[in-house]
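As structure tokens, the structure follows; a few thoughts come after it.
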There are 2 protein chains.
Amino acid sequence: MTTRKKSRTLCTDPEWLGRADCRHCGIRHMMLFSEFQGSDFDHILEPIDNLRYAENSLLYNQGDDDNKVYSIRSGFIKLVQSQRDGSLRIVRLLGPGAIFGIEALLDMPYRHTVIALAELDVCRIYTATLKHLEKEKPRLNEKVMAHWEQHLAFADRWISELSSGSVRSRTLKLLSFLAELNGDGSDTIRFFGYEDMASMIGSSREAFSRIVAELKNEGVLVKTDDSQIYRFLHTDGNTTD
Amino acid sequence: MTTRKKSRTLCTDPEWLGRADCRHCGIRHMMLFSEFQGSDFDHILEPIDNLRYAENSLLYNQGDDDNKVYSIRSGFIKLVQSQRDGSLRIVRLLGPGAIFGIEALLDMPYRHTVIALAELDVCRIYTATLKHLEKEKPRLNEKVMAHWEQHLAFADRWISELSSGSVRSRTLKLLSFLAELNGDGSDTIRFFGYEDMASMIGSSREAFSRIVAELKNEGVLVKTDDSQIYRFLHTDGNTTD
DNA sequence: CGTCCGCTTGAATAGTGTCAAGGTGGGTGG
DNA sequence: CCACCCACCTTGACACTATTCAAGCGGACG
């Protein structure tokens with residue numbers, strides 16, 4: 001179904017922003033290492049790198065085996081899963097504060113292809129380092145588990161909300177989901193490519209486009225000055241599909 | 001053992017089979033405590049119970065807050081997620097060896113409603129006990145993580161395989177999935193209720209029924225002497241569905 | 001032997017994918 | 001600064017797929 005040709009070449013070379021300086025990280029509260037002391041980082045084995053990727057960059061491929069875990073400082077990524085028959089589906093969308101590539105902690109190959117949906121700022125840590133730190137601070141373990149659980153909660157919502165029902169209801173759910181990504185309860189939505197958004201709800205680009213047109217007509221989606229940003233006025237009183 | 005009564009009402013009272021005796025558990029290799037010594041269980045705080053539930057029993061409800069984690073010895077369960085608008089979707093199907101209710105480890109309420117799909121034999125352990133054991137045996141921690149990752153892998157397949165494409169392709173994927181549950185590579189499939197199977201692939205009962213009829217016609221699904229068991233002959237070369 | 005529950009099948013209808021053509025806007029180079 | 005280009009979004013038409021409603025069937029069980 002979602003077997004459409006790749007339109008864009010994915011440039012893969014990130015810009016190296018330097019060694020991560022977790023002690024002075026401005027968004028430590030949402031990151032993995034929120035409660036570490038500076039001294040904890042003194043004797044880590046390998047560096048934590050801070051990298052910037054351009055939009056559409058490929059971070060890694062499904063099946064790759066590269067023992068690094070990532071943490072998003074800013075920007076968004078999509079996790080894509082491909083099947084033997086060539087069909088693709090976006091199975092998750094992650095933003096600031098999320099970690100990904102966790103399966104590497106179990107020495108497993110990555111289960112997804114990961115692509116930046118917007119300019120992306122990540123920290124990359126070697127699993128050996130992370131395991132080392134976990135031993136010193138058992139609390140970290142719990143945090144990692146919480147992230148795992150977060151992923152599962154997302155995945156389950158992806159199934160029940162973004163993969164069930166009509167295209168219209170799935171679209172509305174996706175828009176709510178995107179609004180939540182702001183984290184501040186605001187009702188603005190950053191639109192990604194329609195191909196991508198359609199792949200999130202498992203529909204065709206055209207069907208998604210038509211629904212969005214409807215919603216604009218109905219005044220549920222309102223343009224802002226930024227052409228990529230819309231305001232989403234969703235009367236939570238459930239529109240019967 | 002082929003005695004199966006289907007009661008519409010969900011009876012919730014399990015039969016208590018006794019305290020779990022992990023040291024002599026016949027299927028220890030697939031369970032959570034595979035590498036524990038007998039002595040490890042001597043000073044646990046609260047008992048590990050072994051319970052049997054009848055088909056269609058309700059184990060717990062989405063939103064319940066009851067600090068216990070379960071491990072399946074035999075039988076199958078469905079994890080159901082309901083939305084505010086009342087719609088339901090089965091988001092996972094778990095069998096022998098799987099654990100569920102892990103979110104309780106993070107002191108969170110259960111995220112699913114769990115119902116036995118077949119006579120179910122489970123062990124139930126208090127999170128306090130599990131955390132206690134984890135402290136003594138860090139290896140256990142890794143096992144729990146592996147289970148978590150397993151859940152995620154299932155969830156992602158559920159999205160990309162059972163929630164994308166036509167009803168026919170989803171049905172075929174579901175049948176492959178069910179065949180895998182055997183664990184022994186055999187091609188037999190135990191059919192659950194059509195309502196349930198339809199809810200797994202997010203379609204109507206009728207649509208699912210029609211596809212199954214097709215597959216029987218095509219000789220892909222073959223009856224066995226047990227009316228609930230079919231043989232699934234899937235030429236993996238995908239006919240473009 | 002009759003009832004009940006769940007599966008099957010048909011017919012009508014709404015929903016969705018697909019193909020194809022046309023529009024739009026932002027970026028680039030002249 | 002404008003014209004052009006390209007990627008991406010939009011819209012229409014049509015075929016096909018899936019849902020819904022409704023009726024009928026059949027096995028399990030009392």
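What you see is a predicted model; the values in this text were computed from it and never measured.
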Whole-Å distance between [N] [atom2] and [X] [atom1]?
{"X": "Arg168(A)", "N": "dT19(D)", "atom1": "CZ", "atom2": "C1'", "answer": "18 Å"}
{"X": "Glu55(A)", "N": "dG26(C)", "atom1": "CD", "atom2": "P", "answer": "15 Å"}
{"X": "Phe192(B)", "N": "dG6(C)", "atom1": "CZ", "atom2": "C1'", "answer": "16 Å"}
{"X": "Leu221(B)", "N": "dT8(C)", "atom1": "CG", "atom2": "C1'", "answer": "15 Å"}
{"X": "Met197(A)", "N": "dC8(D)", "atom1": "CE", "atom2": "C1'", "answer": "12 Å"}
{"X": "Asn56(A)", "N": "dC8(D)", "atom1": "CG", "atom2": "C1'", "answer": "12 Å"}
{"X": "Phe208(B)", "N": "dT8(C)", "atom1": "CZ", "atom2": "C1'", "answer": "13 Å"}
{"X": "Asp226(B)", "N": "dA28(D)", "atom1": "CG", "atom2": "C1'", "answer": "14 Å"}

Selected nucleotide, minimal atom distance to Ser204(A) side chain, candidates dT16(C), dT18(C), dT20(D): dT18(C)
Nucleotide nearest Arg170(A) when distance is taken to its side chain, options dT16(C), dT18(C), dT10(D): dT16(C)
Tyr60(A)/Tyr70(A) under ring pair (Phe, Tyr, Trp, His ring centres under 6.0 Å): CA gap, chis, key distance, verdict: CA-CA 11 Å; Tyr60(A) 56 73; Tyr70(A) 295 78; 5.8 Å; yes
Glu206(B) or Ala213(A), whichever maps to the more 5' nucleotide of DNA chain D: Ala213(A)
Main-chain N/O of Ser163(A) paired to Arg89(B) side chain as donor or acceptor, under 3.5 Å: yes
Whether His112(A) side chain and Val91(A) backbone form a donor-acceptor pair below 3.5 Å: no
Any Ser209(B) side-chain N or O less than 4.0 Å from OP1/OP2 of dT8(C): yes
dT10(D) OP1/OP2 closer than 4.0 Å to side-chain N/O of Tyr194(A): yes
Side-chain donor/acceptor pairs under 3.5 Å, residues 196-203 of chain B, sequence neighbours excluded:
unit_1, atom_1, unit_2, atom_2, d
Asp196(B), OD1, Lys78(B), NZ, 2.7
Ser199(B), OG, Ile90(B), N, 3.2

Whether Tyr194(B) and Phe208(B) hold their rings parallel, tilted or perpendicular, with breakpoints at 30° and 60°: perpendicular
5'-most by nearest nucleotide on DNA chain C - Lys223(A) or Ala207(A): Ala207(A)
Classify the side chain of [X] and the base of [N] as holding, or not holding, a donor-acceptor pair under 3.5 Å.
{"X": "Arg205(A)", "N": "dG17(C)", "result": "no"}
{"X": "Arg210(B)", "N": "dT20(D)", "result": "yes"}
{"X": "Glu195(B)", "N": "dC7(C)", "result": "no"}

Nearest-0.5 Å distance that lies between atom CG in Leu178(A) and atom CZ in Arg190(A): 10.5 Å
Where DNA chain C forms stems, i.e. three or more consecutive Watson-Crick or G-U pairs with both distances under 3.5 Å: C:1-30 with D:1-30
Ionic contact status for Glu161(A) with Arg84(B), cut-off 4.0 Å: no
